[in-house]
Amino acid sequence: MSTTNLINSNLHNSNKGMLICKDCGRVICNISDNLDCYKISYICRCGSMGSAEVNSVKLNIADSPSAVLKGNHIICPCCNLSLLALMPENYINIAFRIKCKCGHTFNKFKNYSDINKRLSEYNL
Ligand SMILES: [Zn+2]
Ligand SMILES: [Zn+2]
């Protein structure tokens with residue numbers, strides 16, 4: 001019952017798995033089964049922009065804490081599940097709004113980085 005909306009991207013599975021830039025084949029991130037719904041936008045290293053969206057409800061982030069970045073994994077601080085595995089060598093920038101299956105929604109992560117700083121450029 002979920003619908004996947006892909007722009008300039010391929011997904012390894014129907015709505016989970018590796019998110020791939022259609023223009024150059026780079027893997028941008030790996031989308032975990034632990035996500036209920038999400039919107040992810042990126043600028044690939046090749047210069048193309050793309051996005052993937054599943055269950056396109058406008059996710060409420062008002063009461064949610066920041067996710068945690070451990071290595072290249074975005075972790076839910078409430079249930080400690082891994083939500084996204086990032087491939088930072090393959091993109092210039094990435095932004096996301098993701099909902100963990102425990103119910104919490106995140107659009108940022110704690111560890112400071114240029115990626116985090118540039119999230120405000122996106123209207124997710
Ligand atoms: Zn690319
Ligand atoms: Zn969670």
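Counting convention: from 1, in listed order, for ligands and their atoms alike.
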Quiz item: In degrees, rounded to 10 degrees, what angle do C21 atom SG and C24 atom SG make at the Zn ion (ligand 1)?
Solution: 110°

Self-check item: Partners meeting side chain to side chain contact (heavy atoms under 4.5 Å, CB included) with D33 (sequence neighbours left out)
Solution: K16

Quiz prompt | C100 near the Zn ion (ligand 2): N/O/S under 2.8 Å | solution = yes

Quiz prompt | Positive for side-chain contact (heavy atoms from CB on, under 4.5 Å) with D23, one of C44, S48, S9 | solution = S48

Practice problem: Calculate the angle formed at the Zn ion (ligand 1) by SG in C44 and SG in C46; 10° precision is enough. | Solution: 110°

Practice problem: State, with a plain yes or no, whether a side-chain heavy atom of T4 is found less than 4.5 Å away from one of E53. | Solution: no

Self-check item: Opening angle between SG in C102 and SG in C79, taken at the Zn ion (ligand 2), to 10 degrees
Solution: 120°

Quiz item: Is the distance between the Zn ion (ligand 2) and the nearest N/O/S atom of C76 smaller than 2.8 Å?
Solution: yes

Quiz prompt | Passing candidate, side-chain contact (heavy atoms from CB on, under 4.5 Å) with L83, options I75, L35, I31 | solution = L35

Quiz prompt | Heavy-atom closest contact (Y38 atom, L11 atom, distance) | solution = OH-CD1, 3.5 Å

